[in-house]
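Computed from a predicted structure; not experimentally measured. In the text below, chain A, chain B and the rest are named by the order of the sequence lines, each starting its count at 1.
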2 protein chains.
Amino acid sequence: MQITRQTEYAVRTLLELAAAPVGETVSTRLISERQGIPDEFLKKTIQLLVPAHLVTTHRGTGGGVRLAKPATDITLLDIITAIEGTLALNVCLAPDYHCPNKPNCSLSRILGKAQEALLEELQRETLADMINSQK
Amino acid sequence: MQITRQTEYAVRTLLELAAAPVGETVSTRLISERQGIPDEFLKKTIQLLVPAHLVTTHRGTGGGVRLAKPATDITLLDIITAIEGTLALNVCLAPDYHCPNKPNCSLSRILGKAQEALLEELQRETLADMINSQK
DNA sequence: TTTATATTGGACTAATTTTATCCCATTTAT
DNA sequence: ATAAATGGGATAAAATTAGTCCAATATAAA
(Lines give C-alpha, C1' and ligand atoms only; values in the text may rest on other atoms or scores of the structure.)
Protein backbone atom coordinates (compact mmCIF):
# COMPACT_ATOMS: atom_id res chain seq x y z
CA MET A 1 0.00 0.00 0.00
CA GLN A 2 2.89 2.34 -0.73
CA ILE A 3 4.17 4.29 -3.66
CA THR A 4 7.30 2.63 -5.03
CA ARG A 5 10.78 3.99 -4.62
CA GLN A 6 10.78 4.65 -8.34
CA THR A 7 7.75 6.88 -7.98
CA GLU A 8 9.50 8.86 -5.29
CA TYR A 9 12.50 9.19 -7.60
CA ALA A 10 10.19 10.55 -10.26
CA VAL A 11 8.70 13.13 -7.90
CA ARG A 12 12.11 14.31 -6.77
CA THR A 13 13.26 14.53 -10.35
CA LEU A 14 10.32 16.67 -11.34
CA LEU A 15 10.86 18.87 -8.30
CA GLU A 16 14.44 19.42 -9.45
CA LEU A 17 13.22 20.36 -12.88
CA ALA A 18 10.53 22.63 -11.54
CA ALA A 19 13.11 24.40 -9.40
CA ALA A 20 15.46 24.97 -12.35
CA PRO A 21 15.18 28.13 -14.48
CA VAL A 22 12.27 27.77 -16.89
CA GLY A 23 13.20 26.15 -20.19
CA GLU A 24 16.60 25.00 -19.00
CA THR A 25 17.49 21.33 -19.44
CA VAL A 26 19.16 19.35 -16.69
CA SER A 27 21.12 16.15 -17.33
CA THR A 28 20.03 12.94 -15.67
CA ARG A 29 23.52 12.54 -14.28
CA LEU A 30 23.25 15.82 -12.45
CA ILE A 31 19.85 14.89 -11.04
CA SER A 32 21.07 11.47 -9.99
CA GLU A 33 23.98 13.03 -8.15
CA ARG A 34 21.94 15.66 -6.42
CA GLN A 35 19.17 13.27 -5.40
CA GLY A 36 21.26 10.17 -4.79
CA ILE A 37 19.41 8.13 -7.38
CA PRO A 38 21.22 5.35 -9.30
CA ASP A 39 21.73 7.02 -12.66
CA GLU A 40 20.92 4.08 -14.91
CA PHE A 41 17.74 3.51 -12.98
CA LEU A 42 16.88 7.17 -13.18
CA LYS A 43 17.15 6.98 -16.95
CA LYS A 44 14.54 4.23 -16.99
CA THR A 45 12.37 6.29 -14.72
CA ILE A 46 12.55 9.31 -16.97
CA GLN A 47 11.63 7.16 -19.92
CA LEU A 48 8.30 6.61 -18.19
CA LEU A 49 7.76 10.33 -17.77
CA VAL A 50 8.24 11.11 -21.44
CA PRO A 51 5.23 9.23 -22.88
CA ALA A 52 3.16 10.65 -20.03
CA HIS A 53 4.00 14.10 -21.40
CA LEU A 54 5.48 15.29 -18.14
CA VAL A 55 8.99 15.92 -19.47
CA THR A 56 10.75 16.29 -22.78
CA THR A 57 14.32 15.18 -23.39
CA HIS A 58 17.11 16.24 -25.70
CA ARG A 59 20.17 14.24 -26.58
CA GLY A 60 23.73 15.25 -27.08
CA THR A 61 25.97 17.87 -25.57
CA GLY A 62 23.99 20.33 -23.53
CA GLY A 63 20.97 18.07 -23.71
CA GLY A 64 18.96 16.73 -20.84
CA VAL A 65 15.49 16.84 -19.40
CA ARG A 66 12.97 19.61 -18.84
CA LEU A 67 9.33 19.90 -17.89
CA ALA A 68 6.95 19.37 -20.78
CA LYS A 69 4.45 21.81 -19.30
CA PRO A 70 4.17 24.39 -16.53
CA ALA A 71 4.67 23.13 -13.00
CA THR A 72 1.18 24.38 -12.24
CA ASP A 73 -0.21 21.73 -14.60
CA ILE A 74 1.44 18.68 -13.06
CA THR A 75 -0.15 16.98 -10.09
CA LEU A 76 1.20 14.31 -7.78
CA LEU A 77 -1.41 11.95 -9.22
CA ASP A 78 -0.04 12.57 -12.72
CA ILE A 79 3.37 11.44 -11.55
CA ILE A 80 2.19 8.36 -9.68
CA THR A 81 0.08 7.33 -12.66
CA ALA A 82 2.97 7.81 -15.07
CA ILE A 83 5.15 5.42 -13.11
CA GLU A 84 2.72 2.90 -11.64
CA GLY A 85 -0.18 3.03 -14.06
CA THR A 86 -3.72 3.87 -13.03
CA LEU A 87 -4.01 3.90 -9.28
CA ALA A 88 -6.23 1.12 -7.89
CA LEU A 89 -6.55 0.20 -4.24
CA ASN A 90 -7.40 -3.38 -5.18
CA VAL A 91 -7.12 -5.58 -8.25
CA CYS A 92 -10.86 -5.43 -8.70
CA LEU A 93 -10.73 -1.64 -9.05
CA ALA A 94 -8.23 -1.70 -11.91
CA PRO A 95 -9.56 -0.30 -15.21
CA ASP A 96 -9.53 -3.51 -17.24
CA TYR A 97 -10.48 -5.99 -14.53
CA HIS A 98 -14.15 -6.79 -14.37
CA CYS A 99 -15.80 -8.95 -11.80
CA PRO A 100 -19.33 -10.20 -12.42
CA ASN A 101 -20.05 -9.86 -8.72
CA LYS A 102 -18.96 -6.24 -8.48
CA PRO A 103 -22.46 -4.75 -8.01
CA ASN A 104 -22.98 -6.84 -4.86
CA CYS A 105 -19.47 -6.45 -3.53
CA SER A 106 -19.28 -4.22 -0.48
CA LEU A 107 -15.50 -4.38 -0.39
CA SER A 108 -15.14 -2.85 -3.84
CA ARG A 109 -17.75 -0.26 -2.96
CA ILE A 110 -15.96 0.92 0.17
CA LEU A 111 -12.53 0.73 -1.35
CA GLY A 112 -13.85 2.62 -4.32
CA LYS A 113 -15.03 5.43 -2.10
CA ALA A 114 -11.76 5.53 -0.22
CA GLN A 115 -9.91 5.59 -3.51
CA GLU A 116 -11.94 8.55 -4.67
CA ALA A 117 -11.00 10.50 -1.58
CA LEU A 118 -7.36 9.62 -2.10
CA LEU A 119 -7.36 10.61 -5.76
CA GLU A 120 -8.90 13.92 -4.95
CA GLU A 121 -6.11 14.82 -2.55
CA LEU A 122 -3.42 13.61 -4.92
CA GLN A 123 -4.90 15.75 -7.64
CA ARG A 124 -5.32 18.82 -5.55
CA GLU A 125 -1.76 20.04 -5.36
CA THR A 126 0.62 20.66 -8.20
CA LEU A 127 4.37 20.63 -8.58
CA ALA A 128 4.27 24.39 -8.34
CA ASP A 129 2.49 24.21 -4.98
CA MET A 130 5.07 21.76 -3.76
CA ILE A 131 7.94 24.03 -4.74
CA ASN A 132 6.32 27.02 -3.06
CA SER A 133 5.65 25.20 0.18
CA GLN A 134 9.33 24.38 0.43
CA LYS A 135 10.43 27.98 0.66
CA MET B 1 -0.43 0.90 -4.16
CA GLN B 2 -2.87 -1.94 -3.59
CA ILE B 3 -4.04 -3.99 -0.68
CA THR B 4 -2.57 -7.47 -0.88
CA ARG B 5 -4.50 -10.56 -1.80
CA GLN B 6 -4.03 -11.71 1.75
CA THR B 7 -5.79 -8.61 3.02
CA GLU B 8 -8.71 -9.30 0.72
CA TYR B 9 -8.78 -12.87 2.05
CA ALA B 10 -8.97 -11.45 5.54
CA VAL B 11 -11.85 -9.17 4.69
CA ARG B 12 -13.82 -11.97 3.07
CA THR B 13 -13.15 -14.20 6.03
CA LEU B 14 -14.45 -11.61 8.45
CA LEU B 15 -17.50 -11.04 6.28
CA GLU B 16 -18.21 -14.78 6.46
CA LEU B 17 -17.91 -14.68 10.22
CA ALA B 18 -20.05 -11.59 10.52
CA ALA B 19 -22.73 -13.27 8.43
CA ALA B 20 -22.75 -16.40 10.60
CA PRO B 21 -25.05 -16.66 13.63
CA VAL B 22 -23.58 -14.68 16.52
CA GLY B 23 -21.22 -16.70 18.71
CA GLU B 24 -20.97 -19.59 16.29
CA THR B 25 -17.52 -20.77 15.26
CA VAL B 26 -16.68 -21.56 11.64
CA SER B 27 -13.78 -23.76 10.62
CA THR B 28 -11.06 -22.36 8.37
CA ARG B 29 -11.61 -25.26 6.00
CA LEU B 30 -15.21 -24.27 5.49
CA ILE B 31 -14.26 -20.65 4.88
CA SER B 32 -11.50 -21.63 2.49
CA GLU B 33 -13.95 -23.73 0.49
CA ARG B 34 -16.64 -21.12 0.37
CA GLN B 35 -14.27 -18.29 -0.54
CA GLY B 36 -11.82 -20.22 -2.67
CA ILE B 37 -8.87 -19.41 -0.45
CA PRO B 38 -5.96 -21.88 -0.12
CA ASP B 39 -6.63 -23.33 3.33
CA GLU B 40 -3.08 -23.42 4.65
CA PHE B 41 -2.63 -19.82 3.63
CA LEU B 42 -5.90 -18.92 5.25
CA LYS B 43 -4.66 -20.35 8.52
CA LYS B 44 -1.67 -18.03 8.39
CA THR B 45 -3.96 -15.16 7.61
CA ILE B 46 -6.20 -15.89 10.55
CA GLN B 47 -3.15 -16.06 12.77
CA LEU B 48 -2.64 -12.40 11.99
CA LEU B 49 -6.20 -11.55 12.96
CA VAL B 50 -5.93 -13.14 16.39
CA PRO B 51 -3.29 -10.84 17.91
CA ALA B 52 -5.18 -7.90 16.40
CA HIS B 53 -8.17 -8.97 18.52
CA LEU B 54 -10.45 -9.27 15.53
CA VAL B 55 -11.17 -12.98 15.94
CA THR B 56 -10.80 -15.68 18.53
CA THR B 57 -10.08 -19.30 17.72
CA HIS B 58 -10.82 -22.62 19.35
CA ARG B 59 -9.07 -25.90 18.65
CA GLY B 60 -10.38 -29.38 18.44
CA THR B 61 -13.57 -30.92 17.18
CA GLY B 62 -16.25 -28.30 16.74
CA GLY B 63 -13.65 -25.58 17.06
CA GLY B 64 -12.97 -22.82 14.60
CA VAL B 65 -12.98 -19.07 14.34
CA ARG B 66 -15.41 -16.38 15.43
CA LEU B 67 -15.45 -12.61 15.71
CA ALA B 68 -13.73 -11.29 18.82
CA LYS B 69 -16.10 -8.33 18.98
CA PRO B 70 -19.31 -7.06 17.41
CA ALA B 71 -19.22 -6.46 13.65
CA THR B 72 -20.12 -2.85 14.39
CA ASP B 73 -16.72 -2.43 16.04
CA ILE B 74 -14.53 -3.66 13.20
CA THR B 75 -13.55 -1.29 10.42
CA LEU B 76 -11.88 -1.96 7.11
CA LEU B 77 -8.86 -0.08 8.39
CA ASP B 78 -8.63 -2.45 11.36
CA ILE B 79 -8.41 -5.37 8.96
CA ILE B 80 -5.86 -3.81 6.63
CA THR B 81 -3.71 -2.83 9.58
CA ALA B 82 -3.90 -6.30 11.09
CA ILE B 83 -2.53 -7.86 7.91
CA GLU B 84 -0.21 -5.24 6.49
CA GLY B 85 0.80 -3.26 9.54
CA THR B 86 0.24 0.46 9.91
CA LEU B 87 -0.83 1.94 6.60
CA ALA B 88 1.74 4.32 5.11
CA LEU B 89 1.61 5.74 1.60
CA ASN B 90 5.40 6.06 1.56
CA VAL B 91 8.33 4.69 3.55
CA CYS B 92 8.87 8.09 5.07
CA LEU B 93 5.36 8.06 6.57
CA ALA B 94 5.86 4.79 8.43
CA PRO B 95 5.67 5.07 12.21
CA ASP B 96 9.28 4.22 13.04
CA TYR B 97 11.00 5.85 10.07
CA HIS B 98 12.25 9.32 10.71
CA CYS B 99 13.82 11.59 8.17
CA PRO B 100 15.71 14.66 9.36
CA ASN B 101 14.42 16.55 6.34
CA LYS B 102 10.77 15.81 6.96
CA PRO B 103 9.76 19.33 8.03
CA ASN B 104 10.92 20.70 4.66
CA CYS B 105 9.62 17.83 2.58
CA SER B 106 6.63 18.75 0.49
CA LEU B 107 6.18 15.20 -0.75
CA SER B 108 5.68 13.82 2.74
CA ARG B 109 3.38 16.71 3.51
CA ILE B 110 1.08 16.10 0.56
CA LEU B 111 1.18 12.34 0.88
CA GLY B 112 0.45 12.76 4.56
CA LYS B 113 -2.69 14.74 3.79
CA ALA B 114 -3.81 12.23 1.16
CA GLN B 115 -3.19 9.44 3.63
CA GLU B 116 -5.36 11.15 6.22
CA ALA B 117 -8.24 11.36 3.77
CA LEU B 118 -7.80 7.70 2.92
CA LEU B 119 -7.68 6.58 6.55
CA GLU B 120 -10.82 8.48 7.31
CA GLU B 121 -12.78 6.66 4.63
CA LEU B 122 -11.35 3.28 5.61
CA GLN B 123 -12.38 3.92 9.18
CA ARG B 124 -15.82 5.15 8.40
CA GLU B 125 -17.55 1.90 7.61
CA THR B 126 -17.69 -1.22 9.69
CA LEU B 127 -18.11 -4.91 8.94
CA ALA B 128 -21.72 -4.54 9.97
CA ASP B 129 -22.25 -1.80 7.40
CA MET B 130 -20.66 -3.99 4.76
CA ILE B 131 -22.95 -6.88 5.56
CA ASN B 132 -26.01 -4.66 5.46
CA SER B 133 -25.13 -3.09 2.15
CA GLN B 134 -24.98 -6.55 0.61
CA LYS B 135 -28.60 -7.31 1.29
C1' DT C 1 34.59 15.60 -39.48
C1' DT C 2 35.95 14.10 -35.24
C1' DT C 3 34.98 14.12 -30.41
C1' DA C 4 32.65 14.50 -26.21
C1' DT C 5 28.12 14.50 -24.26
C1' DA C 6 23.68 12.80 -23.55
C1' DT C 7 19.54 10.06 -24.20
C1' DT C 8 17.44 5.38 -26.15
C1' DG C 9 16.60 0.81 -25.74
C1' DG C 10 17.16 -4.00 -24.80
C1' DA C 11 18.78 -7.73 -22.05
C1' DC C 12 19.93 -9.20 -17.89
C1' DT C 13 20.58 -9.71 -12.76
C1' DA C 14 19.60 -9.00 -7.91
C1' DA C 15 16.73 -8.14 -4.06
C1' DT C 16 12.49 -8.04 -1.84
C1' DT C 17 7.84 -9.07 -1.05
C1' DT C 18 3.92 -11.84 -1.67
C1' DT C 19 1.74 -16.15 -2.00
C1' DA C 20 1.67 -20.66 -1.05
C1' DT C 21 2.88 -25.46 0.62
C1' DC C 22 4.48 -29.13 3.85
C1' DC C 23 4.49 -31.27 8.00
C1' DC C 24 4.28 -32.12 12.66
C1' DA C 25 2.70 -30.60 17.24
C1' DT C 26 -1.07 -29.52 20.29
C1' DT C 27 -5.72 -29.02 21.87
C1' DT C 28 -10.44 -30.62 22.40
C1' DA C 29 -14.97 -32.98 22.01
C1' DT C 30 -16.91 -37.37 21.41
C1' DA D 1 -8.33 -43.67 21.47
C1' DT D 2 -9.74 -41.03 17.62
C1' DA D 3 -11.08 -37.51 14.65
C1' DA D 4 -11.34 -32.61 14.11
C1' DA D 5 -9.39 -28.43 14.47
C1' DT D 6 -5.81 -24.69 15.22
C1' DG D 7 -0.50 -23.48 16.12
C1' DG D 8 3.83 -22.82 14.27
C1' DG D 9 8.29 -23.49 11.88
C1' DA D 10 10.64 -24.21 7.58
C1' DT D 11 10.78 -23.78 2.94
C1' DA D 12 9.56 -22.95 -1.89
C1' DA D 13 7.50 -20.64 -5.80
C1' DA D 14 5.96 -16.58 -8.07
C1' DA D 15 5.65 -11.86 -8.75
C1' DT D 16 7.18 -7.33 -8.29
C1' DT D 17 10.61 -3.92 -7.59
C1' DA D 18 15.20 -2.23 -8.03
C1' DG D 19 19.32 -1.97 -10.23
C1' DT D 20 23.13 -2.92 -13.80
C1' DC D 21 25.43 -3.39 -18.34
C1' DC D 22 26.21 -2.18 -22.79
C1' DA D 23 25.75 -0.96 -27.51
C1' DA D 24 23.27 2.38 -30.48
C1' DT D 25 21.86 6.93 -31.72
C1' DA D 26 21.54 11.87 -31.72
C1' DT D 27 23.58 16.46 -31.01
C1' DA D 28 26.57 20.34 -30.24
C1' DA D 29 30.94 22.10 -30.41
C1' DA D 30 35.79 22.04 -31.40
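- For residues 12-35 of chain B, proximity to DNA chain C is found at no residue, defined as any non-hydrogen atom under 4.0 angstrom from a strand atom.
- The CG atom of D39(A) sits 15 Å away from the P atom of dT5(C) (whole-angstrom rounding).
- A donor-acceptor distance shorter than 3.5 angstrom exists from the side chain of Q115(B) to the backbone of L89(B), with no hydrogens or angles considered.
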Taking only N/O atoms, report every protein-nucleotides 11-14 of chain C pair under 3.5 Å with atom names and distance.
none

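- OP1 or OP2 of dT16(C) has not a single side-chain nitrogen or oxygen of R5(A) nearer than 4.0 Å.
- The side chain of Y9(B) contributes an N or O atom lying less than 4.0 Å from OP1 or OP2 of dA20(C).
- Under a 4.5 Å side-chain heavy-atom cut-off, the cluster of Ile, Leu, Val, Met, Phe, Trp and Tyr residues that includes V22(A) has no other member.
- Taking every heavy atom of residues 49-71 of chain A and every atom of DNA chain D, pairs under 4.0 Å involve R59(A), G60(A), T61(A), by number.
- Evaluation of the side chain to side chain donor-acceptor pair (under 3.5 Å) test over residues 64-81 of chain B, restricted to residues two or more places apart or in two chains, returns T75(B)-D78(B).
- The nearest whole Å value for the distance from the CG atom in L48(B) to the P atom in dG9(D) is 13 Å.
- At whole-Å resolution of the value, CZ in F41(B) and P in dT17(C) are 15 Å apart.
- For T13(B), the side-chain hydrogen bond (donor to acceptor under 3.5 Å, both in side chains) criterion is met by no residue, not counting sequence neighbours.
- Here D96(B) pairs with nothing under the side-chain hydrogen bond (donor to acceptor under 3.5 Å, both in side chains) rule; sequence neighbours left out.
- In this structure, the side-chain contact (heavy atoms from CB on, under 4.5 Å) partners of I110(B), at least two apart in sequence or on a different chain, are L76(A), E125(A), M130(A).
- Remark: E120(B) CD to L77(B) CG distance equals 11.5 Å, nearest 0.5 Å.
- For the pair I3(A) CD1 and dA18(D) C1', the interatomic distance rounds to 15 Å; values are reported in whole Å.
- Counting only heavy atoms from C-beta on, Q47(B) has its side chain closest to dG7(D) among dG19(D), dG7(D), dA20(C).
- Residues passing the side-chain hydrogen bond (donor to acceptor under 3.5 Å, both in side chains) test with D39(A): none are found, sequence neighbours excluded.
- Rounded to whole Å, the distance from CD1 on I46(A) to P on dT8(C) is 8 Å.
- A side-chain donor-acceptor contact under 3.5 Å links D129(B) to the backbone of T126(B).
- Distance check, rounded to the nearest 0.5 Å: CD of E8(B) to CD1 of I37(B) gives 8.5 Å.
- Regarding K43(A), its NZ atom lies at a distance of 14 Å from the P atom of dG10(C), rounded to whole Å.
- Ranking dG9(C), dG8(D), dA20(C) by closeness to the E40(A) side chain, first place goes to dG9(C).
- With hydrogens and angles disregarded, a donor-acceptor distance shorter than 3.5 Å links the side chain of E84(B) to the backbone of T4(B).
- Residue pairs meeting the side chain to side chain donor-acceptor pair (under 3.5 Å) criterion with at least one partner in residues 24-37 of chain B, sequence neighbours excluded, are E16(B)-R34(B), E16(B)-Q35(B), R29(B)-E33(B).
- Cluster partners of V91(B), using a side-chain heavy-atom cutoff of under 4.5 Å among ILVMFWY residues and allowing indirect links, are Y97(B).
- In the set dA20(C), dT8(C), dT19(C), dT19(C) carries the atom at the smallest distance from any side-chain atom of Q6(B).
- In the region residues 82-92 of chain B, proximity to DNA chain D at under 4.0 angstrom, judged on heavy atoms, holds for none of the residues.
- Atom CD of E8(A) is separated from atom P of dG19(D) by 11 Å (rounded to the nearest Å).
- Between the side chain of T7(B) and the main chain of I3(B), no donor-acceptor pair closer than 3.5 Å is present.
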